[in-house]
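Treat the numbers as computed from the prediction; the structure is a model and nothing was measured.
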Amino acid sequence: MNNKNIFSSKEFDNWLDRNGLQPVEKKLIVDYLEKDKSTLEAGTASGRILFEMNKLGFTDLSGYDFIPEYISVAKKRNINSRIKFYVQDATKLDFGDESFCQIIYLQQIISTIEEPEMRLNALRESHRILERGGTAIFSFLSFESKKNDSVFKFISPIIKFFRLIKSKKISEQCIPWLKFSGKINFKALFDIGPYNYWFRRQEIIELLESVGYKIVFYGYPKKILFNNSSTKSAFGKSTEEVGHFYVVCKKVL
């Protein structure tokens, strides 16, 4: 079973029923995006973020997801707005070059892509469809944050043990789903996939720069919400490395 199967089954309702913007999402959207510019959301699911952006006054919105059932639900909910929804795969998009002024990858979509080359393809595709000078906002599962999690500190040695006895060569940053829809996934203890990829922060900064992005700002929720997000770095002590980490970029190449 892969992540597409998971989102189509065990996690489907969990992502379907989400509403509203998280405070950190709202702050980044308001601080860095312009309401009248064309904006695309990747991994939109049923349109949670886009519908909230529409309420905030954003006028030219589009979104895509690789689960057709999510897009069907989003289109049914799209009664009083003109948001455009598409079934697309982040690793190979049908949009033309420089189709959008702004893009948002705010639901850790890159981390759900299982193969390293495909993750890189998704970043390259995001860069391709963004106009020169355009703004991109990303969020990623954070390995630094995961290492600070008390549950993971307990589970991690067990996963490593099973990888050792199976002679399984896989990055420690590839972590099986520990929960499905809030319920413990006991198969994860035996290192049974599917996996999400938890990025080291320096790794993703380097990847984004390698495909042609200029980093404007990056940080964890605590620093973003309680400090001025106009400064480039919002990283601090390890106690602040909690939650997803966020990167705002400009396309310069």
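Side-chain heavy atoms closer than 4.5 Å link hydrophobic residues (I, L, V, M, F, W, Y) into clusters, and following such links, even through other members, never connects F180 to F152. Under a hydrophobic-cluster definition in which Ile, Leu, Val, Met, Phe, Trp and Tyr are linked whenever side-chain heavy atoms come within less than 4.5 Å, directly or via other members, L208 and I129 are assigned to the same cluster. Each of W198 and Y246 belongs to its own hydrophobic cluster when Ile, Leu, Val, Met, Phe, Trp and Tyr are linked at side-chain heavy-atom distances under 4.5 angstrom. I170 and I165 sit in two unconnected hydrophobic clusters of ILVMFWY residues. Membership requires side-chain heavy atoms under 4.5 Å apart, directly or through other members. When the side chains of ILVMFWY residues are joined at heavy-atom separations under 4.5 Å, either directly or via intervening members, F190 and L164 end up in two distinct hydrophobic clusters.
Taking the charged nitrogens against the carboxylate oxygens, K179 and E11 have no contact shorter than 4.0 Å, which rules out a salt bridge. Of the charged side-chain nitrogens involved, at least one lies within less than 4.0 Å of a carboxylate oxygen, so that K84 and D60 count as a salt-bridged pair. Ion pairing of K146 with E241 is absent here, as no side-chain N (NZ or NE/NH1/NH2) approaches a carboxylate O to less than 4.0 Å. Here E125 pairs with R128 in a salt bridge; the nearest charged N to carboxylate O distance falls below 4.0 Å.
Residues T39 and I103 are not in side-chain contact: their nearest non-hydrogen atoms beyond the backbone lie 4.5 Å or more apart. In this structure, Y32 and V216 have side chains that are in contact, with non-hydrogen atoms separated by less than 4.5 Å. Counting heavy atoms from C-beta outward, I224 and F217 have side chains that approach closer than 4.5 Å. Side-chain atoms of F199 and L141, non-hydrogen and from C-beta on, never get closer than 4.5 Å to each other. I159 places a side-chain heavy atom less than 4.5 Å from the side chain of P176. Looking only at side-chain heavy atoms (C-beta outward), K4 and I67 come within less than 4.5 Å of each other. For the pair L40/I104, no side-chain contact is recorded, criterion being any heavy-atom separation below 4.5 Å from C-beta on. Between F7 and F66 the shortest side-chain heavy-atom distance falls below 4.5 Å.
Within a 6.0 Å radius of NZ in K166, other residues, nucleotides and ligands contribute more than 12 heavy atoms. Summarising the local packing, NZ of K26 is surrounded by 12 or fewer heavy atoms from other residues, nucleotides or ligands at distances under 6.0 Å. In the displayed structure, D13 atom CG is contacted under 6.0 Å by more than 12 heavy atoms of other residues, nucleotides or ligands. By the neighbour-count criterion of 12 heavy atoms within 6.0 Å, atom CD1 of I184 is sparsely surrounded, having that number or fewer from other residues, nucleotides or ligands. Within a 6.0 Å sphere centred on NZ of K187, other residues, nucleotides and ligands contribute 12 heavy atoms or fewer.
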task: Walk me through it: do L61 and E41 pass the test side chain to side chain contact (heavy atoms under 4.5 Å, CB included)?
output: CA-CA 8 Å; L61 297 170; E41 183 197 11; over 6 Å; no
query: Could you go step by step and tell me if M53 and I49 meet the side chain to side chain contact (heavy atoms under 4.5 Å, CB included) rule?
result: CA-CA 6 Å; M53 290 178 69; I49 290 177; 3.8 Å; yes
task: Show your working on side chain to side chain contact (heavy atoms under 4.5 Å, CB included) between I155 and V151 and close with a plain yes or no.
output: CA-CA 6 Å; I155 292 174; V151 174; 3.6 Å; yes
- prompt: Run the salt bridge (charged side-chain N to carboxylate O under 4.0 Å, His left out) check on K37 and E34 step by step: do they pass?
  reply: CA-CA 6 Å; K37 289 189 174 181; E34 297 182 41; 3.3 Å; yes
message: One pair to check against side chain to side chain contact (heavy atoms under 4.5 Å, CB included): E172 and F143. What are the steps and the verdict?
response: CA-CA 9 Å; E172 64 175 339; F143 189 63; 3.7 Å; yes
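Neither side chain, S145 nor N148, offers a donor N or O lying under 3.5 Å from an acceptor on the other. Using modelled atom types, one finds a donor on one side chain and an acceptor on the other under 3.5 Å when comparing Q108 with S139. For the residue pair Q173/E203, the side-chain donor-acceptor check at 3.5 Å is satisfied. Side-chain atoms of K250 and T135 include a donor-acceptor pair closer than 3.5 Å. Under 3.5 Å, the side chains of S8 and Y70 contain no donor-acceptor pair of N or O atoms.
Between the E131 side chain and the S99 main chain, no donor and acceptor come within less than 3.5 Å of each other. At distances below 3.5 Å, not a single donor-acceptor pair connects side-chain atoms of E209 with backbone N or O atoms of E206. Formation of a donor-acceptor pair under 3.5 Å by the Y197 side chain with backbone atoms of T112 is not found in this model. R48 places no side-chain N or O within donor-acceptor distance of the main-chain N or O of T44, the cut-off being under 3.5 Å. Proximity of a side-chain donor or acceptor of N185 to a complementary backbone N or O of L178 within less than 3.5 Å is not detected. Not a single donor-acceptor pair under 3.5 Å links the side chain of E114 to the backbone N or O of Y195. With N5 contributing its side chain and N2 its backbone, the two residues share a donor-acceptor pair below 3.5 Å.
Note that the OG1 atom of T91 and the CG atom of L120 stand 11.5 Å from one another [nearest 0.5 Å]. Atoms NZ and CZ, on K27 and F226 in that order, are 10.5 Å from each other to the nearest 0.5 Å. A distance of 4.5 Å separates CD1 of I113 from CD1 of I110, quoted to the nearest 0.5 Å. The line from CD1 of I71 to CD of Q88 is 9.5 Å long, rounded to the nearest 0.5 Å. We find the CG-CG distance between L56 and L33 to be 10.5 Å, quoted to the nearest 0.5 Å. Distance CD/Q202 to CD1/I204: 10.5 Å, rounded to 0.5 Å.
Counting all heavy atoms, side chain and backbone alike, L130 lies closest to C101 at CD1-O, 3.3 Å. Of all heavy-atom pairs between S142 and G243, the closest is CB-O, 3.6 Å. Here the closest non-hydrogen pair linking P68 and V87 is CA-CG2, 3.9 Å. Counting all heavy atoms, side chain and backbone alike, I215 lies closest to V247 at CD1-CG1, 3.8 Å. Taking both residues in full, the closest heavy atoms of E98 and K251 are given as CG-NZ, 3.7 Å, listed atom of the first, atom of the second, then distance. The two residues G43 and Q107 come nearest to each other via the heavy atoms O-NE2, 3.2 Å.
In this structure, H244 has its ring center no closer than 6.0 Å to that of F140. In this structure, W177 has its ring center no closer than 6.0 Å to that of F186. Under the 6.0 Å cut-off for aromatic ring centres, F12 and W15 do not qualify, their centroids lying 6.0 Å or more apart.
In this structure, R201 forms no cation-pi arrangement with Y218, as its terminal cationic atom is not both closer than 6.0 Å to the ring centre and no more than 45° off the ring axis.
Among residue pairs with one or both ends in residues 99-118, those qualifying as ring pair (Phe, Tyr, Trp, His ring centres under 6.0 Å) are F95-F100, Y105-F138; sequence neighbours excluded.
F85 and F51 have tilted rings, their planes meeting at an angle from 30° to 60° on a 0 to 90° scale.
Shown here are the ring pair (Phe, Tyr, Trp, His ring centres under 6.0 Å) partners of F161, two or more places apart in sequence or in another chain: there are none.
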